[in-house]
Amino acid sequence: NAGVTQTPKFQVLKTGQSMTLQCAQDMNHNSMYWYRQDPGMGLRLIYYSASEGTTDKGEVPNGYNVSRLNKREFSLRLESAAPSQTSVYFCASSTIPGNTEAFFGQGTRLTVV
Amino acid sequence: QKEVEQDPGPLSVPEGAIVSLNCTYSNSAFQYFMWYRQYSRKGPELLMYTYSSGNKEDGRFTAQVDKSSKYISLFIRDSQPSDSATYLCAMNRDDKIIFGKGTRLHILP
């Protein structure tokens with residue numbers, strides 16, 4: 001019963017470094033999402049993939065790129081990390097795009113210094 | 001104006017009280033209205049959803065939607081300390097799920 005698995009759980013980066021956040025789901029879901037959660041800001045959609053082979057921008061895509069590697073995996077890349085990208089990142093998946101129930105991973109706590 | 005507005009709280013109530021959590025929205029295109037619960041340092045989990053105006057009950061929880069006023073509510077009866085969490089309203093549009101900011105709820109023993 002793994003559900004949605006994110007790696008790593010914690011990460012500290014220096015300004016300008018790059019990294020990739022990994023996400024994998026084992027529920028055969030078509031749609032996957034990346035959100036960031038900041039105090040007082042709620043969950044904001046960064047990018048999403050309605051189905052394998054497609055990706056679209058969400059509310060706050062600047063500074064990020066994504067890859068839908070296959071149906072199971074959806075990665076988020078920070079090419080040149082900035083302190084403003086310090087946040088908790090959540091990956092989620094759902095059976096169909098915008099479905100009522102999205103299943104979330106446990107989050108990645110990222111600090112950019 | 002953001003599409004979904006939610007008071008972030010925090011909201012503190014004594015154990016056993018009825019809790020009322022609310023959201024307003026601006027986009028009439030939203031079809032489904034959801035409530036997610038998020039415990040500290042965990043990912044959100046779906047609590048309830050509804051798609052029509054009116055009430056939907058599930059145990060101690062009641063979700064209410066008023067589409068004419070663009071207003072949704074979640075009521076928790078007989079609140080328990082284990083209900084202490086952040087509650088996020090959410091709505092779907094196109095292929096996306098849009099979340100409110102979340103309301104932090106503390107149930108005091």
Side-chain angles (χ1 to χ4, degrees), chain A residues 1-6 9-10 21 23 25 27 29-61 68 74 87-109, chain B residues 1-11 21-27 29-52 56 58 61 63 65 72 74 85-105:
Chain A
N1 283 359
V4 179
T5 302
Q6 292 183 233
K9 290 185 173 59
F10 302 94
L21 280 64
C23 175
Q25 52 90 9
M27 296 172 283
H29 284 171
N30 291 305
S31 305
M32 299 185 73
Y33 314 84
W34 275 106
Y35 290 89
R36 61 177 288 174
Q37 187 172 38
D38 303 290
M41 301 296 291
L43 282 165
R44 292 184 292 170
L45 184 63
I46 305 171
Y47 271 93
Y48 66 102
S49 172
S51 60
E52 186 179 357
T54 68
T55 60
D56 286 285
K57 295 178 180 179
E59 182 184 358
V60 288
R68 183 74 182 266
F74 188 39
S87 187
V88 180
Y89 292 85
F90 286 100
C91 176
S93 70
S94 64
T95 52
I96 58 175
N99 192 34
T100 52
E101 184 162 22
F103 292 82
F104 284 79
Q106 75 276 32
T108 296
R109 293 184 174 273
Chain B
Q1 180 187 9
K2 289 186 71 67
E3 287 186 285
V4 181
E5 299 277 7
Q6 183 176 14
D7 186 336
L11 179 63
L21 304 167
N22 311 294
C23 288
T24 59
Y25 63 96
S26 58
N27 193 333
F30 289 134
Q31 296 176 310
Y32 286 85
F33 305 89
M34 298 154 266
W35 287 95
Y36 280 76
R37 179 173 60 193
Q38 183 178 22
Y39 290 113
S40 181
R41 296 185 174 267
K42 300 288 187 183
E45 294 180 311
L46 180 69
L47 193 59
M48 296 180 68
Y49 77 90
T50 185
Y51 60 88
S52 58
K56 181 178 180 180
D58 184 0
F61 298 89
V65 174
I72 70 169
L74 178 70
T86 296
Y87 290 81
L88 302 107
C89 62
M91 304 169 195
N92 66 340
R93 171 176 60 77
D94 302 323
D95 294 337
K96 299 182 282 290
I97 304 174
I98 309 297
F99 285 86
K101 292 183 179 181
T103 300
R104 287 175 55 202
L105 174 66

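Lettering follows sequence order; numbering is per chain, from 1. Keep in mind that the numbers below use all heavy atoms, side chains included, and drop hydrogens, waters and symmetry copies.
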Query raised in the report: Mind checking whether B:Asp95 and A:Asp56 have side chains closer than 4.5 Å, heavy atoms only?
Result: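 No. Closest side-chain heavy atoms not under 4.5 Å.
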Query - Heavy-atom side-chain proximity of A:Glu101 to B:Tyr32 below 4.5 angstrom - result: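 No, side chains not in contact.
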Query - Smallest separation among heavy atoms of A:Phe90 and B:Lys42, with atom names - result: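 Residues A:Phe90 and B:Lys42, closest heavy atoms: CZ-O, 3.6 Å.
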**Report entry** A:Ser31: partners by side chain to side chain contact (heavy atoms under 4.5 Å, CB included), with sequence neighbours left out
**Finding:**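 Only A:Tyr33, A:Ser94, A:Pro97 meet the side chain to side chain contact (heavy atoms under 4.5 Å, CB included) criterion with A:Ser31.
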Requested in this report: Mind checking the OH-CZ spacing from A:Tyr35 to B:Phe99? Nearest 0.5 Å is all I need.
Outcome: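 Going from OH on A:Tyr35 over to CZ on B:Phe99, the span is 4.5 Å.
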Report task. Tell me, yes or no, whether the heavy-atom count around B:Phe61 atom CZ, taken from other residues, nucleotides or ligands under 6.0 Å, exceeds 12. Result ->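 Counting neighbours around CZ of B:Phe61, more than 12 heavy atoms of other residues, nucleotides or ligands fall under 6.0 Å, so yes.
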**Report entry** Residues, nucleotides or ligands: over 12 heavy atoms within 6.0 Å of B:Tyr39 OH
**Finding:**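 Result for OH/B:Tyr39: enclosed.
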**Report entry** Intermediate values then yes/no, side-chain contact (heavy atoms from CB on, under 4.5 Å), A:Tyr48 and B:Asp94
**Finding:** CA-CA 12 Å; A:Tyr48 66 102; B:Asp94 302 323; 5.6 Å; no
Name the region of [X], side chain, backbone, both or neither, that has any atom closer than 4.5 Å to a heavy atom of chain A.
{"X": "B:Pro44", "answer": "both"}
{"X": "B:Ile97", "answer": "both"}
{"X": "B:Tyr36", "answer": "side chain"}
{"X": "B:Arg41", "answer": "both"}
{"X": "B:Glu45", "answer": "neither"}

Query - Between A:Arg109, A:Arg44, A:Gln106, the one whose heavy-atom pairs under 4.5 Å with chain B are most numerous - result: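 Option with the greatest count: A:Arg109.
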Could you tell me which portion of [X] (side chain, backbone, both or neither) has an atom closer than 4.5 angstrom to a non-hydrogen atom of chain B?
{"X": "A:Leu45", "answer": "side chain"}
{"X": "A:Phe103", "answer": "neither"}
{"X": "A:Gln37", "answer": "side chain"}

